[in-house]
Amino acid sequence: IQCFKLSVLGLAPFGQEIREKDPPSGALAIIMNIIWILLPGLELALLHLVLAAIFAITIIGIPFAVQHLKMRRLAILPFGFTVSDA
């Protein structure tokens with residue numbers, strides 16, 4: 001489910017916003033976030049950080065760099081956050 005959340009944000013990143021769920025997630029979300037960080041999360045977050053740095057070199061790429069920084073937050077800790085329209 002978290003991969004689908006990332007892919008939806010990757011397909012249409014402009015106009016999307018990452019928000020915390022209103023009732024905070026419990027211990028299960030914390031455990032799942034730890035497992036996510038150990039398996040694919042750290043690599044995805046580093047990839048988005050590197051891509052943001054590459055895109056920020058040019059003026060045209062700055063909006064894309066901002067979107068990659070937004071996606072980095074969801075790539076490192078996807079449990080407990082939702083993607084919604086701005």
Peer 1: Tell me whether W36 contacts the main-chain N or O of I31 through its side chain, where contact means a donor paired with an acceptor under 3.5 Å.
Peer 2: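 Between the backbone of I31 and the side chain of W36 there is no qualifying donor-acceptor contact (under 3.5 Å).
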Peer 1: Run L49 and L69 through side-chain contact (heavy atoms from CB on, under 4.5 Å) and show every step you take.
Peer 2: CA-CA 6 Å; L49 189 62; L69 290 176; 4.0 Å; yes
Peer 1: Can you tell me if L38 has over 12 outside heavy atoms packed within less than 6.0 Å of its CG?
Peer 2: yes
Peer 1: Using the rule that two of Ile, Leu, Val, Met, Phe, Trp, Tyr join whenever any of their side-chain heavy atoms come within less than 4.5 Å, decide whether M71 and V50 are in one cluster.
Peer 2: no
Peer 1: Closest approach of A52 and A65, non-hydrogen atoms and distance?
Peer 2: O-CB, 3.3 Å
Peer 1: To the nearest 0.5 Å, what is the distance between CD1 on I37 and CZ on F79?
Peer 2: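 Those atoms lie 10.5 Å apart.
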Peer 1: Among the clusters formed by ILVMFWY side chains lying less than 4.5 Å apart, do L46 and L44 turn up in the same one?
Peer 2: yes
Peer 1: Is there a side-chain contact between I76 and L42 (heavy atoms, below 4.5 Å)?
Peer 2: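 Yes; the side chains approach each other to less than 4.5 Å.
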Peer 1: For H68, which residues count as a ring pair (Phe, Tyr, Trp, His ring centres under 6.0 Å) partner, sequence neighbours excluded?
Peer 2: H48, F55
Peer 1: Taking all non-hydrogen atoms of both residues, which atom of I59 and which atom of P63 are closest, and how far apart?
Peer 2: O-CD, 3.9 Å
Peer 1: Run the side-chain contact (heavy atoms from CB on, under 4.5 Å) test on M32 and L28 for me, step by step, so that the C-alpha distance in whole Å, both residues' side-chain angles and the decisive distance to 0.1 Å come before the verdict.
Peer 2: CA-CA 6 Å; M32 294 302 288; L28 181 63; 4.2 Å; yes
Peer 1: Around atom CG of L39, are there more than 12 heavy atoms of other residues, nucleotides or ligands at under 6.0 Å?
Peer 2: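 Count over threshold, so yes.
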